[in-house]
Amino acid sequence: MTSTYHFQTVRHIVHGAGSLDLLADKLSLLDRPVSRIALITQPVMEENGVIARVVAALAARDVEVRIVRGVEPEPSIENVETVFREQIAPFAPHAILSIGGGSVLDAAKLFSVRLTNDEPLRNWLGIDLIKHPGAPMILVPTTAGTGSEVTPNAIVTLPDEALKVGIVSRHLLPQVVILDASLTLDLPRPITAATGVDAFVHSLESYISTKANPVSDMFAMESMRLIGANIVEAYENGHSVKAREAMMLGSMYGGLALTAAGTAAVHALAYPLGGMFNVTHGVANAMLLPHVMAFNKDAIEERLATVARALDLATAGESAPEAAQKLIDRLSLWTRQLQIPQDLRRYGVTEADLDRLAEGAAKVKRLLGNNPKPLTLDDMKAIYRRLLP
Ligand SMILES: NC(=O)c1ccc[n+]([C@@H]2O[C@H](COP(=O)([O-])OP(=O)(O)OC[C@H]3O[C@@H](n4cnc5c(N)ncnc54)[C@H](O)[C@@H]3O)[C@@H](O)[C@H]2O)c1
Ligand SMILES: [Fe+2]
């Protein structure tokens with residue numbers, strides 16, 4: 001636990017199934033009047049009619065909307081620059097709206113600050129390097145999820161380095177978040193599974209982070225309770241509004257927890273899997289989670305045991321090592337129940353790649369520094385090797 005900490009979050013969170021219908025009313029929450037909005041989204045949201053509904057509601061208030069397409073899944077830094085130059089800059093929007101998964105929310109956050117800072121994105125890789133606040137933003141997540149809607153982070157892929165890197169700045173926080181779990185009812189099972197476990201990882205890694213503090217603990221614990229009780233139900237019965245609402249809230253709390261404390265080795269080891277082998281963020285984290293926690297276990301038994309008890313996996317009478325093991329066993333069970341891939345060979349990884357994967361992960365010092373137990377290159381290789389059964 002750290003003794004001093006700092007926590008900042010978004011101004012407005014509108015929550016509830018169906019709350020996207022309130023979007024036009026909620027424009028009044030922005031700090032200035034807007035009549036031209038760039039809407040960054042993913043094809044699935046156009047196909048299911050959500051975007052047409054939003055555009056019509058905004059047009060009824062005389063707000064002009066430009067739909068921005070072409071943000072890649074887990075976008076590269078060049079892709080974000082190109083879409084900005086070709087679609088955002090010429091339109092000169094007053095505000096940014098994004099409806100989609102973490103890939104488009106992150107791009108939208110960068111568009112917002114790119115509008116007010118005439119500098120290449122590469123200048124901002126790292127922490128607190130963006131000078132001016134961005135254009136006002138409204139973010140609406142449709143996966144549950146990255147929690148990106150409430151974090152000051154945007155993650156971009158650097159293809160030349162085969163790595164993913166974070167841009168972290170308070171200017172990446174939106175003014176308004178709309179959490180409408182009804183948007184996630186048709187989220188396909190593999191995406192429900194991977195993004196749901198990613199959200200759990202945000203909370204568990206924040207809870208065991210060297211930067212954990214009372215604020216992150218509170219959000220992390222409630223997030224893990226919500227996700228722990230609902231992830232299998234959301235996977236098996238996607239149309240359960242109750243399970244989807246719990247996942248959406250749990251994901252948002254996960255974003256608040258990681259804002260306050262930071263993620264750790266699971267995320268650090270996931271980045272090169274994304275950068276080098278295109279394993280999606282959620283899948284990479286979900287694959288690594290049980291193995292990294294087994295590695296961490298002896299350093300954080302009490303904390304893992306507390307989580308196990310909160311999730312009703314262990315009783316107060318069981319010892320910390322026993323209870324901690326029960327949590328790790330549950331994480332492994334999830335990978336089977338949620339059909340998380342367990343073999344990196346399907347992504348083209350072989351034994352010969354382990355050195356460069358470990359070297360890639362070792363570059364993610366920002367997150368490795370939060371891990372409760374230091375990792376050597378050999379430790380990281382051993383963890384990756386568990387995924388080459
Ligand atoms: N900023 C942060 O704090 C933060 C945290 C974690 C991850 N990330 C980043 O977020 C990105 C991953 O985001 P993601 O996991 O949300 O995935 P994503 O945005 O890449 O979306 C995954 C897939 O799900 C589809 N999809 C999204 N919503 C849907 C819905 N409601 N119904 C049906 N299909 C839907 C998308 O079209 C896409 O094909 C990565 O780049 C990762 O690095 C950012
Ligand atoms: Fe994540």
Side-chain angles (χ1 to χ4, degrees), residues 9-10 20 40-51 69 71-77 79-80 98-110 139-158 163-169 172-174 180-206 223 234 238-239 244 247-248 251-252 254-260 262-275 278-289 364 366-367:
T9 191
V10 302
L20 185 60
I40 298 94
T41 189
Q42 286 162 322
V44 64
M45 288 293 131
E46 291 195 74
E47 286 151 22
N48 66 15
V50 167
I51 298 303
R69 304 179 179 93
V71 172
E72 294 165 350
E74 313 213 0
S76 69
I77 195 162
N79 172 247
V80 178
S98 183
I99 303 176
S103 294
V104 282
L105 299 187
D106 280 7
K109 289 156 87 168
L110 295 171
L139 299 182
V140 186
T142 65
T143 59
T146 64
S148 171
E149 67 277 7
V150 292
T151 74
N153 309 350
I155 315 292
V156 285
T157 307
L158 300 184
L163 202 59
K164 301 191 69 170
V165 179
I167 296 177
V168 182
S169 163
L172 295 177
L173 289 170
D180 181 349
S182 70
L183 298 171
T184 64
L185 295 180
D186 292 316
L187 197 60
R189 278 185 166 191
I191 302 176
T192 301
T195 59
V197 178
D198 182 34
F200 190 89
V201 180
H202 296 157
S203 297
L204 182 54
E205 292 216 284
S206 299
S223 166
H239 278 212
R244 293 295 196 181
M247 292 301 294
M248 184 60 89
S251 165
M252 188 265 287
L256 295 174
L258 83 84
T259 299
T263 58
V266 177
H267 273 75
L269 270 73
Y271 278 179
L273 288 175
N278 293 320
V279 186
T280 61
H281 178 85
V283 169
N285 279 294
M287 289 179 86
L288 287 161
L289 173 62
V364 195
R366 176 174 72 91
L367 306 184

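Remember, it's 1-based here, ligands and their atoms both numbered in the order they're listed.
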Has S98 got a side-chain atom pairing as donor or acceptor with I40's backbone, closer than 3.5 angstrom? yes
Vertex the Fe ion (ligand 2), ends H202/NE2 and H267/NE2: angle to nearest 10° comes to 100°
Ranked by distance from atom 24 (O) of ligand 1, the top protein heavy atom is I191 CD1, 3.2 Å
**Prompt:** Do K109 and T151 meet the criterion of a side-chain donor-acceptor pair at a distance under 3.5 Å?
**Reply:** yes
In this structure, CD1 of I191 is separated from CG of D198 (nearest 0.5 Å) by 13.0 Å
Judged by heavy atoms only, the candidate from H281, H267, M45 nearest atom 42 (C) of ligand 1 is H281
Per-atom filter on ligand 1: closer than 4.0 angstrom to a heavy atom of V44 are 26 (N), 33 (C), 34 (N), 35 (C), 37 (O)
So for T146 against ligand 1, with non-hydrogen atoms under 4.0 Å, the contacting part is both
For T151, the ligand 1 atoms with a heavy-atom partner under 4.0 Å come out as 1 (N), 2 (C), 3 (O)
Checking heavy atoms under 4.0 Å, the part of L258 that sits near ligand 1 is neither
The Fe ion (ligand 2) has as its nearest N, O or S atom from D198 the atom OD1
Is the closest protein non-hydrogen atom to atom 32 (N) of ligand 1 under 4.0 Å?
yes
Distance-only donor-acceptor check, side chains S203 and S223, under 3.5 Å
yes
Under 4.0 Å from one or more heavy atoms of P188, ligand 1 contributes atoms 33 (C), 34 (N)
Ranked by distance from atom 21 (O) of ligand 1, the top protein heavy atom is Q42 NE2, 3.6 Å
Quick note on ligand 1: atoms under 4.0 Å from a heavy atom of G101 include exactly 16 (O), 19 (O)
* Asked: Under 3.5 Å, N or O to N or O, is G102 touching ligand 1 that way?
  -> yes
If you compare K164, R244, E74, E47 by their heavy atoms, the one closest to atom 12 (C) of ligand 1 turns out to be E74
Honestly, for L187 the part within reach of ligand 1 (heavy atoms, under 4.0 Å) is both
